[in-house]
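Beneath this line is the structure, given in structure tokens, with notes to follow.
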Amino acid sequence: MTFNKKVDKKPYQPKPLENESDVRNALLNLLSRRDYSVKELTEKLSPRCDEALLYKVLDAFIEAGYQSDERFAGALVRNRASQGYGKMRVLQDARRKGISDILIQAAIQEEAIDWFELAVTAYQKKFKEPLDRQDRKSADKRMRFLVQRGFSFDEAKYAIYEADENTSAL
């Protein structure tokens, strides 16, 4: 027995989608797991089929309500907020996934998230001990953490001082 034998493995190539039924089944397969934006679906399936056929079936799915960028935007906002990300990060992720600013702003308004309190929660989860006000390096690190998570400077500043006020009052 030889274990060092090289095996020529070809990378997995999904089968091409040749007709409307194949495209419909591929879309149903993807959308049965989670919501996707139109951009994500076209990026996934356009290499496998004719774009005209893809858009024809995709338009039928949108018309039937199987795919909705509005629903996807709402799910994205809820998901990112529950993960502790700020409004700017949610907007950036939505743009990357092909959601218009109008749709994402409407989803943010509909969810009515208190970004200041979300910043406090994210801060408290990461930093258990209160901030030493004399340690500028630590304060910068905490501010940078919140800003990188997508919170505005005001939200980050509020979170740091609100969380520290709550822990020092205990």
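By convention here, the first residue in the shown sequence is residue 1. Treat the numbers as computed from the prediction; the structure is a model and nothing was measured.
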Exercise for review: Would you indicate whether E111, at its atom CD, is surrounded by more than 12 heavy atoms from other residues, nucleotides or ligands within a distance under 6.0 Å?
Suggested key: yes
**Study point:** Under 3.5 Å: donor-acceptor pair, side chain of R89, backbone of R80
**Key:** no
Review point. Can you list the steps and then say if I108 with I113 is a side chain to side chain contact (heavy atoms under 4.5 Å, CB included)?
Key: CA-CA 7 Å; I108 288 172; I113 297 170; over 6 Å; no
Review point. To the nearest 0.5 Å, how far apart are CD in E70 and CD1 in I99?
Key: 8.5 Å
Point to revise | Side-chain ion pair, D93 and R96, N-O less than 4.0 Å | key: yes
Check your understanding: For Y158, which of F153, Y123, F116, W115 qualifies under ring pair (Phe, Tyr, Trp, His ring centres under 6.0 Å)?
Key -> F116
Review point. What's the shortest heavy-atom distance between A81 and L118, and which atoms?
Key: O-CD1, 3.4 Å
Review point. To the nearest 0.5 Å, how far apart are CD in Q67 and CG in L28?
Key: 12.5 Å
Review point. How long is the span from the CD atom in E155 to the CD atom in E117, to the nearest 0.5 Å?
Key: 11.0 Å
Point to revise | Check: S37 side chain, K97 main-chain N or O, donor-acceptor pair, under 3.5 Å | key: yes
Review point. NZ of K56: more than 12 outside heavy atoms within 6.0 angstrom?
Key: no
Practice item. Specify the closest pair of heavy atoms between E18 and L53, including all atoms of both residues, with the distance to one decimal. Key: O-CD2, 4.2 Å
Exercise for review: Please report the closest heavy-atom contact between L54 and C49, naming both atoms and the distance.
Suggested key: CB-SG, 3.7 Å
Study note, to complete from the structure: Across all chains, not counting sequence neighbours, the side-chain contact (heavy atoms from CB on, under 4.5 Å) partners of F145 are K126, F127, R149
**Study point:** Partner set under ring-ring contact (aromatic ring centres under 6.0 Å, His included) for F151, not counting sequence neighbours
**Key:** none
Practice item. Indicate the atoms forming the closest heavy-atom contact of R95 with D101, along with that distance. Key: NE-OD1, 2.9 Å
Check your understanding: What's the verdict on side chain to side chain contact (heavy atoms under 4.5 Å, CB included) for V38 and I62, showing C-alpha distance, side-chain angles and the deciding distance?
Key -> CA-CA 9 Å; V38 171; I62 292 169; 3.9 Å; yes
Practice item. If a pair satisfies ring-ring contact (aromatic ring centres under 6.0 Å, His included) and one of its residues is in residues 62-110, list it, with sequence neighbours excluded. Key: F61-Y66
Revision key, fill the gap. Of all heavy-atom pairs linking L146 and A119, the shortest is CD2-O, 3.8 Å
Review point. Say you draw a straight line from CG of L45 to CG of D50; how long is it, rounded to the nearest 0.5 Å?
Key: 12.5 Å
Check your understanding: What pair of heavy atoms forms the shortest contact from L58 to T42, and how long is it?
Key -> CD2-CG2, 3.9 Å
Review point. Side chain of R48, backbone of K15: donor and acceptor closer than 3.5 Å?
Key: yes
Review point. Under 4.0 Å between a Lys/Arg side-chain N and an Asp/Glu carboxylate O for E129 and R142?
Key: yes
Check your understanding: Between CG of N29 and CG of L31, what distance do you get to the nearest 0.5 Å?
Key -> 9.5 Å
Review point. Does a side-chain N-to-carboxylate-O contact under 4.0 Å join R34 and E40?
Key: yes
Revision key, fill the gap. Here the gap from M143 atom CE to D140 atom CG, rounded to the nearest 0.5 Å, amounts to 8.0 Å
Check your understanding: Under a single-linkage definition using a 4.5 Å side-chain heavy-atom cutoff for Ile, Leu, Val, Met, Phe, Trp and Tyr, are L17 and Y36 assigned to the same hydrophobic cluster?
Key -> yes
